[in-house]
Amino acid sequence: MTLGEREYHDRHYQSEAALMRSALFERVHERGARDFLRAAGVGRSHRVLSLGCGEGSIERRLAPHVGEIVGLDLSPVAIAQAREQAAAAGLRNLSFAVSEGPGLRLHGLGEFDAVAAFAFLHHLDDAAVGAALAAARAA
């Protein structure tokens, strides 16, 4: 049986996401956040869009350093986990939304100063990568 992308990720976040809280993943996510902050040059006055945010681990690390972060993911399971963990951490400048359909729907989210795509683009075919990057650039 072949799972669709959304179903695959829902299943992953229902059953395997706890593995992503290991010491190794914690270090990888901390480094990813630190490298992004350095490379993007964003700070407390900036809005950041994060594509394919999953359960929001890296976004929670970025939140104390930026003005606002909006995380998008196609998995409602991952988004529910991201919202729960952000609320538990008291992060009020962090929001999450389910990305509907195979393409990015960024209308109504406003403009962003930077776009992050941690471990995201490899899930897309070539045409979708181009469309995702164009939509992100427009935002």
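For the numbers below, each heavy atom of this structure counts, side chains included, while hydrogens, waters and symmetry mates do not.
Salt bridge status for Arg92 with Glu68: absent, with no side-chain N to carboxylate O gap under 4.0 Å.
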Kindly indicate, with the supporting measurements, whether the criterion side chain to side chain contact (heavy atoms under 4.5 Å, CB included) is fulfilled by Leu62 and Phe118. CA-CA 12 Å; Leu62 293 173; Phe118 300 102; 4.2 Å; yes
Using the rule given for side chain to side chain contact (heavy atoms under 4.5 Å, CB included), can you reason through Asn93 versus Ile69, listing the C-alpha separation, both sets of side-chain angles and the distance that settles it, and then say yes or no? CA-CA 6 Å; Asn93 65 332; Ile69 299 178; 5.5 Å; no
Asp73/Val98 under side chain to side chain contact (heavy atoms under 4.5 Å, CB included): CA gap, chis, key distance, verdict: CA-CA 5 Å; Asp73 199 277; Val98 175; over 6 Å; no
List the steps and the verdict of side chain to side chain contact (heavy atoms under 4.5 Å, CB included) for His65 and His46. CA-CA 9 Å; His65 306 284; His46 297 107; over 6 Å; no
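Remark: Arg34 CZ is packed, more than 12 non-hydrogen atoms of other residues, nucleotides or ligands lying under 6.0 Å away.
With Asp113 contributing its side chain and Val48 its backbone, the two residues share no donor-acceptor pair below 3.5 Å.
Note that the CG atom of Leu91 and the CZ atom of Arg61 stand 11.0 Å from one another [nearest 0.5 Å]. Atoms CD and CG, from Glu30 and Asp35 in turn, are 10.0 Å apart once rounded to the nearest 0.5 Å. Distance check, rounded to the nearest 0.5 Å: OG of Ser57 to CD of Glu26 gives 5.5 Å. Summarising the geometry, atom CD1 belonging to Ile79 is positioned 4.0 Å from atom SG belonging to Cys53; distances are rounded to the nearest 0.5 Å. Distance check, rounded to the nearest 0.5 Å: CG of Leu24 to NE2 of His29 gives 9.0 Å. Of the inter-residue distances, the one linking Phe96 atom CZ with Glu84 atom CD reads 12.0 Å to the nearest 0.5 angstrom.
Geometrically, Arg47 engages Phe112 in a cation-pi contact, judged by NZ or CZ lying under 6.0 Å from the ring centre and within 45° of the ring axis.
Linking ILVMFWY side-chain heavy atoms closer than 4.5 Å, directly or via other members, places Ile58 and Val28 in two distinct hydrophobic clusters.
Side-chain atoms of Arg60 and Glu55, non-hydrogen and from C-beta on, do get closer than 4.5 Å to each other.
Counting all heavy atoms, side chain and backbone alike, Ala82 lies closest to Gly54 at CB-O, 3.9 Å.
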